[in-house]
**Q** 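My questions all concern the structure below.
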Amino acid sequence: TNMYLAWGFVASPIFSKNGDNSFCCTFALFACAIMLAGSGLAKVCIGGLYEWAQPNTLMSILESYGERPRSIEGPGLLVLNKVLSNKSSAFAKLSVGMLGLATIMFEIVIVPLSLFLPSLRVPVFFASILLHLGIMVSQSLVIGVAFLPNCAAYWIAFLAPGAAVNEGLV
């Protein structure tokens, strides 16, 4: 996302007038929406929608990261990982099932809708940050840290003053 955003900044003077940043904001919005929606579509295409709606899929992922040697590869909070990956816990099954389904719905429904409904952009910004923080503490510290630079892209796409933020695309 950040590489595409950088190209948006390079192209911005070509498509903008008098320092207007609407091109860059619109470009960032599309780049972030494609990246987030692509992540959801990849989950559905590879794992399947039904499987992601079941808690065992995400629980297995959490469990595999929780078994890694104590390093940045593993979860930031091992105790949270152990609670959420406990397949014999009804609480964990309910929580992780809801998280898996909510993640898919967020990535393939809510984020694309934010292209057309500007009122969704502030909640999408905060939900994107929370999603990555959740990954960092429950799954993998290094994956969460790797996504931190996206915070700047999310800010430009979903919060920065500009035409893309203040108006819908249709």
**Q** For Glu73, does its backbone N or O pair with a side-chain atom of Ser140 as donor and acceptor, under 3.5 Å?
**A**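 It does hold such a pair.
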**Q** Within the structure provided, determine whether Val145 and Val142 are in side-chain contact (heavy-atom separation under 4.5 Å).
**A**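 SC-SC contact between Val145 and Val142 ruled out.
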**Q** Rounded to the nearest 0.5 Å, how far apart are CE of Met136 and CG of Leu130?
**A**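 That separation rounds to 11.0 Å.
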**Q** Would Lys93 and Ser88 count as a side-chain hydrogen bond (donor to acceptor under 3.5 Å, both in side chains) if you check the C-alpha gap in whole Å, the side-chain angles of each, and the deciding distance to 0.1 Å?
**A** CA-CA 8 Å; Lys93 286 181 181 181; Ser88 63; over 6 Å; no
**Q** Are the side chain of Ser89 and the backbone N or O of Asn86 linked by a donor-acceptor pair below 3.5 Å?
**A**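 Judged by distance alone, no pair lies under 3.5 Å.
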**Q** May I ask whether Ile34 and Val124 are part of the same hydrophobic cluster, defined by side-chain heavy atoms of I, L, V, M, F, W, Y residues being less than 4.5 angstrom apart, directly or through others?
**A**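 No, separate clusters.
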**Q** Is the backbone of Ala92 close enough, under 3.5 Å, to the side chain of Ser95 for a donor and an acceptor to pair up by distance?
**A**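 Not at all, since once roles are kept as given, no pair shorter than 3.5 Å links the two residues.
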**Q** Rounded to the nearest 0.5 Å, what separates atom CG in Leu141 from atom CG in Leu77?
**A**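 If I round to the nearest 0.5 Å, the distance is 9.0 Å.
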**Q** Do Leu58 and Leu49 belong to the same hydrophobic cluster, where Ile, Leu, Val, Met, Phe, Trp and Tyr are linked whenever their side-chain heavy atoms lie under 4.5 Å apart, directly or via other members?
**A**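 Same cluster: Leu58 reaches Leu49 through Ile, Leu, Val, Met, Phe, Trp or Tyr contacts under 4.5 Å.
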**Q** Please report the closest heavy-atom contact between Val111 and Ala33, naming both atoms and the distance.
**A**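 Smallest interatomic distance, heavy atoms only, reads CG1-CA, 3.6 Å.
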**Q** Where do Ala37 and Ile108 come nearest, in terms of heavy atoms and distance?
**A**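 For Ala37 versus Ile108, the nearest heavy atoms are O-CG2, 3.9 Å.
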**Q** Just do the side chain to side chain contact (heavy atoms under 4.5 Å, CB included) check on Tyr65 and Ile143 with the steps written out, would you?
**A** CA-CA 11 Å; Tyr65 277 93; Ile143 292 173; 3.3 Å; yes
**Q** Show your reasoning for whether side chain to side chain contact (heavy atoms under 4.5 Å, CB included) applies to Phe158 and Leu29.
**A** CA-CA 7 Å; Phe158 299 114; Leu29 180 62; 3.5 Å; yes
**Q** Of all the heavy-atom pairs spanning Arg121 and Ser114, show the shortest one and how long it is.
**A**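 Between these two residues, the closest heavy atoms are NE-O, 2.6 Å.
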**Q** Using the salt bridge (charged side-chain N to carboxylate O under 4.0 Å, His left out) criterion, which residues pair with Lys82? Sequence neighbours excluded.
**A**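 None.
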**Q** Mind checking whether Ile61 and Leu41 sit in one hydrophobic cluster, side chains of I, L, V, M, F, W, Y counted as touching below 4.5 Å?
**A**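 Per the 4.5 Å side-chain linkage, Ile61 and Leu41 are co-clustered.
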**Q** If every non-hydrogen atom of Leu84 is compared with every non-hydrogen atom of Val96, which pair is closest and at what distance?
**A**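 Scanning both residues, the minimum pair turns out to be O-CG2, 3.2 Å.
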**Q** Give the minimum heavy-atom separation between Cys32 and Ala153, together with the two atoms involved.
**A**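 Looks like SG-O, 3.6 Å.
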**Q** Are Val122 and Phe30 joined in one hydrophobic group, where the rule is that I, L, V, M, F, W and Y side chains link up if heavy atoms are under 4.5 Å apart?
**A**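 Per the 4.5 Å side-chain linkage, Val122 and Phe30 are co-clustered.
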**Q** Looking only at side-chain N and O atoms, does Lys43 offer a donor or acceptor that is under 3.5 Å from a partner on Ser39?
**A**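 Yes, a side-chain donor-acceptor pair sits under 3.5 Å.
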**Q** About how many Å separate CG of Leu120 and CG of Leu115, when rounded to the nearest 0.5 Å?
**A**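 One finds 10.0 Å between CG of Leu115 and CG of Leu120.
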**Q** How far does CH2 of Trp52 sit from CE of Met105, to the nearest 0.5 angstrom?
**A**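 Going from the CH2 atom of Trp52 to the CE atom of Met105 covers 15.0 Å.
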**Q** Are any of the side-chain heavy atoms of Pro75 and Arg68 separated by less than 4.5 Å?
**A**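 The answer is no; the side chains never approach within 4.5 Å.
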**Q** Supply the atom-to-atom distance Leu131 CG to Leu99 CG, rounded to the nearest 0.5 angstrom.
**A**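 Here the rounded value is 9.5 Å.
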**Q** Can you check whether Ile129 reaches Tyr154 side chain to side chain, under 4.5 Å on heavy atoms?
**A**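 They are in side-chain contact.
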**Q** Looking only at heavy atoms, what is the nearest atom pair of Gly66 and Leu78, with distance?
**A**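 Taking Gly66 first and Leu78 second, the nearest heavy atoms are O-CD1, 3.7 Å.
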**Q** What's the verdict on side chain to side chain contact (heavy atoms under 4.5 Å, CB included) for Cys151 and His132, showing C-alpha distance, side-chain angles and the deciding distance?
**A** CA-CA 9 Å; Cys151 294; His132 294 309; over 6 Å; no
**Q** Could you give the distance from OG (Ser119) to CG (Leu113), rounded to the nearest 0.5 Å?
**A**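 Taking OG in Ser119 and CG in Leu113, the distance rounds to 9.5 Å.
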**Q** Donor-acceptor pair, distance only, cut-off 3.5 Å: does the side chain of Asn81 make one with the backbone of Gln139?
**A**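 Between the backbone of Gln139 and the side chain of Asn81 there is no qualifying donor-acceptor contact (under 3.5 Å).
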**Q** Yes or no on side chain to side chain contact (heavy atoms under 4.5 Å, CB included) for Gln54 and Met59, after CA distance, side-chain angles and deciding distance?
**A** CA-CA 9 Å; Gln54 304 300 312; Met59 288 175 115; over 6 Å; no
**Q** Please say yes or no: joined through hydrophobic side-chain contacts below 4.5 Å, possibly via intermediate residues, are Met98 and Val109 part of one cluster?
**A**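 Looking at the clustering, Val109 is in a separate group from Met98.
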